[in-house]
Colleague: 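This is the structure I have questions about; it appears just below.
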Amino acid sequence: MKKYYFQRYNYFSKFDQGILMDKEGWFSVTPEKIAQHIATRCQTDIIIDAFCGCGGNAIQFALTCRQVIAIDLDPVKLHCARENAKIYGVADRIEFILGDFFKLAPTLKADVIFLSPPWGGPAYMNQEVYNLKSMIPGDGFKIHQIASQITPNIAYFVPRNTNPQQLAQLAGPGKTCEIEQNALNGKVKALTVYYGDLIDVNKLKSIEAEIAEEELVQQIMQY
Ligand code: MGP
Ligand code: SAH
């Protein structure tokens, strides 16, 4: 736990104002700067944070979106998230729901869904290449599939060593996704994978143009 405590201000800049976290919360919370960035990318009307934990992401979504639906199975996490949201002055912008995302999903409507499920604890790094099927509630494929019945606009927060082929597979045949590395102080902490309208099309176009240019150069060199 020590290494997480040393990073406390990375997790919540207002840590000293009474931030609450339980054990799982400490090792799962999204660092504030990364959560801020994801919230900017996910700016929308209604967003669901399907696995809200102690609120690291939900608080930032409340600052960029009109309404946040924050779900967690664990009442302790939900209590922490609500208290933490009060510290950031955004509790009134978040609807907290105690429940199982899988059971609630058919009743939910939103423009964007953010998924940051349990990865199986800090041992996720013991796998050289993280298999999405190792996610704890069900598996990572099922989580994405259930979310995609609500909206195709999904941001999926996954381990930095996740198998990229699996992430691409989730986009569906002929479709694409954007895999973003989230770094803090020069170190990659996790990946956020964007699906649907969350993909930055301009970035994609410039990458495609770069690849086309490189191919052209290769052809000229061969000639
Ligand atoms: P980490 O690798 O356990 O910690 O998690 P650390 O100390 O930042 O990295 P290290 O390489 O220096 O040891 C990195 C980040 O991943 C955490 O800050 C969380 O944002 C996220 N994270 C970690 N775990 C185990 C989970 C998880 O189970 N679920 C979710 N949603 N995020 C997690
Ligand atoms: N993004 C959060 C951390 C999420 S940790 C933050 O920044 O604070 C993952 C959370 O998923 C845990 O709090 C766990 O209680 C919750 N969870 C696990 N299974 C769930 C389910 N079936 N439905 C809803 N929440 C679940």
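Residue numbers start at 1 and run along the sequence shown.
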Colleague: Within this structure, what is the CG-CD distance for the pair D139 and Q166, rounded to the nearest 0.5 Å?
Modeller: 9.0 Å
Colleague: With heavy-atom distances below 4.5 Å as the criterion, would you say the side chains of I179 and P164 are in contact?
Modeller: yes
Colleague: Before we go on, tell me: are the rings of F15 and W26 under 6.0 Å apart, centre to centre?
Modeller: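 Yes: the rings meet the under 6.0 Å criterion.
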Colleague: Hey, could you give me the CG/CZ distance between D49 and F96, rounded to the nearest 0.5 Å?
Modeller: 9.5 Å
Colleague: Between the main-chain N or O of S134 and the side-chain N or O of Y124, is there a donor-acceptor pair closer than 3.5 Å?
Modeller: no
Colleague: Can you classify the ring geometry of H144 versus Y195 as parallel (below 30°), tilted (30 to 60°) or perpendicular (above 60°)?
Modeller: perpendicular
Colleague: If only atom types and distance count, is the side chain of Y194 paired as donor or acceptor with the main-chain N or O of R41 below 3.5 Å?
Modeller: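 Side chain of Y194 to backbone of R41, a donor-acceptor pair under 3.5 Å: no, none is there.
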Colleague: Does L73 belong to the same Ile/Leu/Val/Met/Phe/Trp/Tyr cluster as W119, with side-chain heavy atoms less than 4.5 Å apart forming each link?
Modeller: no
Colleague: Considering residues, nucleotides and ligands other than Q165, do more than 12 of their heavy atoms fall under 6.0 Å from its CD?
Modeller: no
Colleague: Same cluster or not: are I46 and V90 linked, directly or through other Ile, Leu, Val, Met, Phe, Trp or Tyr residues, by side-chain heavy atoms under 4.5 angstrom apart?
Modeller: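 Yes, same cluster.
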Colleague: Mind checking the NE2-SG spacing from H37 to C42? Nearest 0.5 Å is all I need.
Modeller: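 It comes to 9.0 Å.
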Colleague: Determine the minimum heavy-atom distance between Q145 and S148, stating which atoms define it.
Modeller: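 Taking Q145 first and S148 second, the nearest heavy atoms are O-OG, 2.8 Å.
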Colleague: State, yes or no, whether a side-chain contact exists between F61 and I38 at a heavy-atom distance under 4.5 Å.
Modeller: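 Heavy-atom side-chain distance check passes, below 4.5 Å.
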Colleague: Cation over ring, K142 on F102, under 6.0 Å and within 45°?
Modeller: yes
Colleague: Ignoring hydrogens and angles, tell me if any N or O in the side chain of N182 forms a donor-acceptor pair with the backbone of T192 under 3.5 Å.
Modeller: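 Looks like yes, one N/O pair under 3.5 Å.
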Colleague: Restricting to non-hydrogen atoms, name the atom on C54 and the atom on G25 that form the minimum distance, rounded to 0.1 Å.
Modeller: SG-CA, 3.9 Å
Colleague: Hey, does the Lys NZ or Arg CZ of R8 hover above the aromatic six-ring of Y5, less than 6.0 Å from the centre and inside 45° of the axis?
Modeller: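 Pair R8/Y5 counts as cation-pi.
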Colleague: Quick check against the 3.5 Å criterion: does E178 have a side-chain atom that pairs as donor or acceptor with the backbone of D200?
Modeller: yes
Colleague: Between side-chain atoms of residues 74-82 and protein atoms elsewhere (two or more places apart, or another chain), which donor-acceptor pairs fall under 3.5 Å?
Modeller:
from : atom 1 : to  : atom 2 : distance (Å)
D74  : OD1    : V76 : N      : 2.9
D74  : OD2    : K77 : NZ     : 2.8
K77  : NZ     : D22 : OD2    : 3.0
K77  : NZ     : E24 : OE1    : 2.9

Colleague: Going through the distances and angles, do I87 and F12 end up as a side chain to side chain contact (heavy atoms under 4.5 Å, CB included)?
Modeller: CA-CA 10 Å; I87 292 171; F12 290 103; over 6 Å; no
Colleague: Given I97, which partner from the list I48, I71, T107, D72 fulfils the side-chain contact (heavy atoms from CB on, under 4.5 Å) test?
Modeller: I71
Colleague: Can you tell me how far the CG atom of N84 sits from the CE atom of M21, to the nearest 0.5 Å?
Modeller: 7.5 Å
Colleague: Within this structure, what is the OG1-CD1 distance for the pair T151 and I113, rounded to the nearest 0.5 Å?
Modeller: 6.5 Å
Colleague: Give me the atom names and distance for the closest heavy-atom approach of L184 to P31.
Modeller: CD2-CB, 3.7 Å
Colleague: Please indicate whether K14 has more than 12 foreign heavy atoms, meaning atoms of other residues, nucleotides or ligands, lying under 6.0 Å from its NZ.
Modeller: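 Yes, the 6.0 Å shell around NZ holds more than 12 heavy atoms from other groups.
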Colleague: Can you confirm whether F51 sits close enough to M135 that some side-chain heavy atom of one is under 4.5 Å from a side-chain heavy atom of the other?
Modeller: no
Colleague: Do Y4 and V29 have side chains that approach each other closer than 4.5 Å (heavy atoms only, starting at C-beta)?
Modeller: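 Not touching, per the 4.5 Å side-chain cut-off.
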Colleague: For F101 versus A50, what's the shortest heavy-atom pair and its separation?
Modeller: CD1-CB, 3.6 Å
Colleague: Looking at every heavy atom in both G121 and F27, which two are closest together, and how far apart are they?
Modeller: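 Taking every non-hydrogen atom into account, CA-CE1, 3.9 Å.
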Colleague: Y156, F141: one ILVMFWY side-chain cluster at the under-4.5 Å cut-off?
Modeller: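 Yes, because Y156 and F141 connect within a single hydrophobic cluster, where side-chain heavy atoms sit under 4.5 Å apart.
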Colleague: Q17 and I19: side chain to side chain contact (heavy atoms under 4.5 Å, CB included), yes or no, with the steps?
Modeller: CA-CA 6 Å; Q17 294 183 35; I19 289 294; 6.0 Å; no
Colleague: For N153 and D197, which heavy atoms make the closest approach, and how far apart are they?
Modeller: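 Minimum heavy-atom contact is OD1-N, 2.8 Å.
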Colleague: Using modelled atom types only, decide if a donor and an acceptor are shared between the side chain of T64 and the backbone of A39 within a distance under 3.5 Å.
Modeller: yes
Colleague: Knowing that exactly one of E32, R93, Q60 qualifies, which makes a side chain to side chain donor-acceptor pair (under 3.5 Å) with Y88?
Modeller: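 That would be E32.
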Colleague: Please test N163 against N131 for side chain to side chain contact (heavy atoms under 4.5 Å, CB included), starting from the C-alpha separation and ending with a verdict.
Modeller: CA-CA 6 Å; N163 182 341; N131 182 346; over 6 Å; no
Colleague: For a side chain to side chain contact (heavy atoms under 4.5 Å, CB included) check, start with the C-alpha distance between Q7 and K189, then their side-chain angles and the critical distance, and finish with the verdict.
Modeller: CA-CA 12 Å; Q7 301 185 68; K189 292 281 177 184; 3.2 Å; yes
Colleague: For the CG atom of N57 and the OG atom of S28, what is their distance to the nearest 0.5 Å?
Modeller: 11.0 Å
Colleague: Taking V188 as the starting point, is it possible to reach M125 by hopping between hydrophobic residues whose side chains are less than 4.5 Å apart?
Modeller: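 Different clusters.
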Colleague: Does one hydrophobic cluster hold both L20 and I59, with members joined at side-chain heavy-atom distances below 4.5 Å?
Modeller: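 L20 and I59: separate clusters.
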Colleague: Hey, are the side chains of V193 and L170 touching, using non-hydrogen atoms and a 4.5 Å cut-off?
Modeller: no
Colleague: Using a 4.5 Å cut-off on heavy atoms from C-beta on, say whether the side chain of F157 contacts that of T30.
Modeller: yes
